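Working notes, structure below.
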Amino acid sequence: MYLPGVGPKKAETLLKEIHVVSWEDMLYYFPYKYIDRSKIFKIREIDGNMPFIQLKGKIRGFEQVGEKSSRRLTAAFYDDTGSIELVWFRMLKQIPDMYKPGVEYILFGKPTLFGHRFTVAHPELETENKFYEGEVGIQGQYNTTERMKNAFLHSRALQKIIVRILEKTPSPLPETLNGEIMDTVRVISLDEAIRNIHFPKSADWLRKAQYRLKFEELFYLQLHILQVTKYREKRLGGWRFERVGDFFNHFYSHHLPFELTNAQKRVVREIRKDTNTGKQMNRLLQGDVGSGKTLVALLSLLLALDNGFQGAIMAPTEILATQHYETIGRLVAGLGIEVALLTGSTRKKQRETMLPNIQNGEIQILIGTHALIEDTVTFKNLGLVVVDEQHRFGVAQRAKLWKKNRIPPHVLVMTATPIPRTLAMTLYGDLDVSVIDELPPGRKPVKTFHMYSEKRKNLYESVRKQLQEGRQVYIVYPLIEESETMDLKNLTEGFEIIREIYPEYKVGMVHGKMKAADKEAEMQKFVSGETQIMVATTVIEVGVNVPNATVMIIENAERFGLSQLHQLRGRVGRGADQSLCILLTRYELSENTRRRMAIMTETNDGFVIAEEDLKLRGPGDIDGTQQSGITLDLKIADLARDGQIVSLARDVAYNILNEDPLLEKPKNKLMKLQLDKLNRQRQMGWFMIS
Ligand code: ADP
Ligand code: MG
């Protein structure tokens with residue numbers, strides 16, 4: 001489609017980088033922040049709770065400080081009322097050439113208190129004349145990628161395109177909510193909202209525009225989710241697991257290595273009920289790391305077997321699949337159950353003998369990676385699929401499983417990412433949720449300490465004691481894309497240092513840039529105890545079980561989000577011995593980071609941590625570079641912050657569907673059209689089930 005002032009080359013860039021094809025797409029590409037160009041603050045006026053603000057002043061004295069990963073560039077910024085500190089973590093070489101001391105700049109950024117001093121990280125600085133070119137009032141800023149900037153599609157250019165579109169489109173823009181809803185929830189019209197989200201008449205209009213657009217987005221999301229749920233309830237029949245038979249009973253009475261926790265029992269009951277309704281089960285099982293999800297999975301699989309079906313477990317990595325295979329093989333030994341492992345590295349020959357046995361039903365439990373959903377794998381009668389560590393599996397892959405049978409298998413998705421319940425309802429509105437909220441008895445909670453990097457000498461000595469007792473140790477480094485080369489260097493340097501400190505022990509290393517096979521091999525050495533220390537990036541985050549590993553050291557812990565720290569910590573504390581987790585950070589930390597470290601040392605409860613994580617995460621937080629993994633492609637609403645709008649949208653959507661399930665009434669026609677349109681668009685595909 002033709003966009004005013006956009007040639008074919010720019011159009012292609014817009015499509016590739018931000019999926020903008022039409023005028024409408026462009027109008028729905030909202031600013032990610034706003035600058036109030038009407039107000040310039042004095043440094044003296046700054047307090048700790050300010051959003052992004054403008055200051056006017058000069059720069060003095062660039063200086064590089066810190067070592068290695070904490071290396072950064074600082075400078076003072078002052079006006080006639082005081083001074084603050086500017087800090088950069090990237091482009092340390094280029095920055096001093098870009099700005100001249102003594103020249104007056106307009107600074108834009110968010111001040112944060114470090115110790116006694118206000119700091120602005122990665123400020124935007126512009127000379128005054130450049131800045132005033134036609135900009136007054138509240139100005140939207142648009143996110144752009146490197147490629148877009150190279151094609152001269154920076155924030156200002158996008159703004160100009162939007163101005164032209166708004167001039168040329170008929171006014172008012174067609175409404176997407178009917179009058180009844182607009183009255184009930186008191187929102188402004190779409191036309192007013194779109195115009196004000198891009199060019200706010202005032203702060204008040206901006207708020208109204210945001211509210212309207214957030215509501216609209218969440219409302220259609222809820223409408224969609226609720227409809228899918230209803231559809232599933234109505235249409236998708238499922239296998240009936242009517243009996244609890246010998247496999248389940250025999251295992252339960254004679255092979256259980258320990259008494260199930262009450263939470264495990266409850267979840268098994270929920271699953272039993274679910275699989276006997278004649279409808280397909282779609283259940284999300286949330287349980288903190290170490291809560292014993294594997295056993296629940298196995299019991300569910302035995303239920304499938306008792307009813308004459310096959311079962312499968314799908315894991316995100318080979319190492320996890322292999323671990324499941326070994327664990328489950330051990331647990332069901334002697335029950336006469338055929339268990340097989342199928343992964344990317346299964347030999348061709350072995351594969352060829354395995355495939356017919358999957359097809360004829362001889363193999364009863366198949367465990368594996370993505371390899372399971374390849375088209376060549378056909379089952380005789382797949383009754384239940386367990387998907388482990390769900391956040392690495394897309395919904396599309398789940399959907400592919402549906403096609404393996406005439407009747408879809410029951411699906412149990414297991415995740416250790418603790419998602420607050422309200423959020424889970426929105427994210428996984430299409431799934432029923434079970435929670436294991438209790439750890440097996442006798443677990444010693446991991447003791448967590450926060451230490452400054454400079455004091456690491458003592459740490460190495462206490463770690464040696466653990467090693468001498470035969471324990472194993474993880475040392476984790478951050479790795480983010482922006483500073484990849486630097487990070488890799490830190491990792492390999494860290495690896496060398498550790499080897500020097502502990503010459504008597506074997507040290508392994510894994511990171512995401514290694515070939516999958518090498519990674520697996522290195523991991524396997526650690527699992528088998530051949531290596532005692534594992535230096536790694538977050539690739540070890542998910543699922544591996546090495547009960548003998550009792551120490552987790554996290555380097556540059558300030559660069560991890562709360563959920564990720566918790567996830568990493570979950571790698572230790574899996575055996576009977578007391579485990580330790582040490583968070584190493586630099587000395588100077590933002591308030592937010594201090595809080596994160598404090599929460600980690602105070603609690604082991606994944607749900608508490610998840611809630612705190614949602615509260616603490618905020619835009620523009622430079623510490624929060626590695627986020628929690630809860631992502632959803634929303635344009636304007638924020639599930640963590642807009643909880644009230646979420647429930648409002650849910651209520652309104654629920655009432656409408658209750659009265660008119662298929663949106664057939666004339667007054668709902670508008671919404672039906674809009675929903676169909678959104679469903680056709682890509683971003684909603686995320687939620688599609690079948
Ligand atoms: P996760 O939920 O993280 O996948 P696992 O299923 O790997 O946890 O279980 C962690 C450990 O706890 C395993 O070693 C397992 O044998 C043990 N475990 C599971 N359930 C119980 C229980 N009810 N009592 C004691 N130990 C248990
Ligand atoms: Mg697990």
Side-chain angles (χ1 to χ4, degrees), residues 251-271 283-302 312-333 365 367-369 385-393 412-419 433-446 472 474 523 527 529 539-550 552 563-564 566-579 581 604-607 609-610 629:
F251 177 80
Y252 202 95
S253 342
H254 302 293
H255 286 243
L256 260 190
F258 23 59
E259 169 100 8
L260 292 187
T261 62
N262 286 328
Q264 283 171 319
K265 282 184 196 160
R266 187 187 65 236
V267 173
V268 170
R269 267 200 305 275
E270 282 168 349
I271 291 167
R283 193 165 271 283
L284 176 71
L285 172 55
Q286 282 188 33
D288 213 346
V289 281
S291 60
K293 295 186 289 294
T294 316
L295 212 51
V296 172
L298 176 59
L299 286 164
S300 318
L301 289 168
L302 294 179
I313 299 188
M314 190 155 75
T317 63
E318 290 205 24
I319 187 119
L320 276 178
T322 311
Q323 268 190 1
H324 278 316
Y325 175 68
E326 286 164 0
T327 311
I328 286 178
R330 252 196 321 272
L331 286 166
V332 304
I365 297 181
I367 298 173
T369 52
V385 180
V386 178
V387 180
D388 196 14
E389 304 295 354
Q390 188 267 345
H391 54 296
R392 301 289 155 108
F393 270 115
L412 180 66
V413 177
M414 306 197 296
T415 176
T417 310
I419 304 166
V433 180
S434 289
V435 181
I436 305 187
D437 48 8
E438 180 187 357
L439 288 180
R443 277 290 158 76
K444 295 198 184 94
V446 179
Q472 287 166 280
Y474 290 106
M523 260 334 281
V527 172
V539 293
I540 58 145
E541 179 186 340
V542 167
V544 278
N545 193 22
V546 183
N548 191 44
T550 55
M552 163 73 56
S563 294
Q564 206 173 11
H566 179 65
Q567 208 59 33
L568 286 167
R569 177 169 61 182
R571 296 306 107 220
V572 294
R574 304 176 79 84
D577 303 293
Q578 178 65 59
S579 288
C581 173
N604 274 293
D605 184 331
F607 283 87
I609 287 171

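Order of appearance sets the numbers: ligands from 1, and atoms from 1 within every ligand. Since the model is a prediction, treat every value here as computed from it, not as a measurement.
- Each of the atoms 23 (N) of ligand 1 lies under 4.0 Å from some heavy atom of Leu260.
- Annotation: side chain of Thr294 is not in contact with side chain of Asp388 (no heavy-atom distance under 4.5 Å).
- Relative to atom 24 (N) of ligand 1, the option among Pro440, Gly292, Gly575 with the closest non-hydrogen atom is Pro440.
- With hydrogens and angles disregarded, a donor-acceptor distance shorter than 3.5 Å links the side chain of Lys444 to the backbone of Ala576.
- Heavy-atom proximity to Thr261, at under 4.0 Å, picks out these atoms of ligand 1: 23 (N).
- Donor-acceptor pairing under 3.5 Å is lacking for the side chains of Asn604 and His566.
- No side-chain heavy atom of His255 sits less than 4.5 Å from a side-chain heavy atom of Val332.
- Residue contact check for ligand 1: Ser291 places a non-hydrogen atom closer than 4.0 Å to it.
- Side-chain N or O atoms of Gln578 include one that pairs as donor or acceptor with a backbone N or O of Pro445 at under 3.5 Å.
- Gln286 and Thr415 share no donor-acceptor pair across their side chains, judged by distance under 3.5 Å alone.
- Of all atoms in ligand 1, listed by their number and element, those nearer than 4.0 Å to a heavy atom of Gln264 are 19 (C), 20 (N), 22 (C), 23 (N).
- Distances below 4.0 Å separate heavy atoms of Arg574 from the following atoms of ligand 1: 3 (O), 7 (O).
- Interface atoms of ligand 1 facing Thr294, defined by a heavy-atom separation under 4.0 Å, are 4 (O), 5 (P), 6 (O), 7 (O).
- Taking a 4.0 Å cut-off on heavy atoms, Glu259 registers as neighbouring ligand 1.
- Applying the 4.0 Å criterion to heavy atoms of Gly290 picks out, from ligand 1, the atoms 1 (P), 2 (O), 3 (O), 8 (O), 10 (C).
- The pair Glu438-Arg266 fails the salt-bridge criterion, with no side-chain N (NZ, NE, NH1 or NH2) lying under 4.0 Å from an Asp/Glu carboxylate O.
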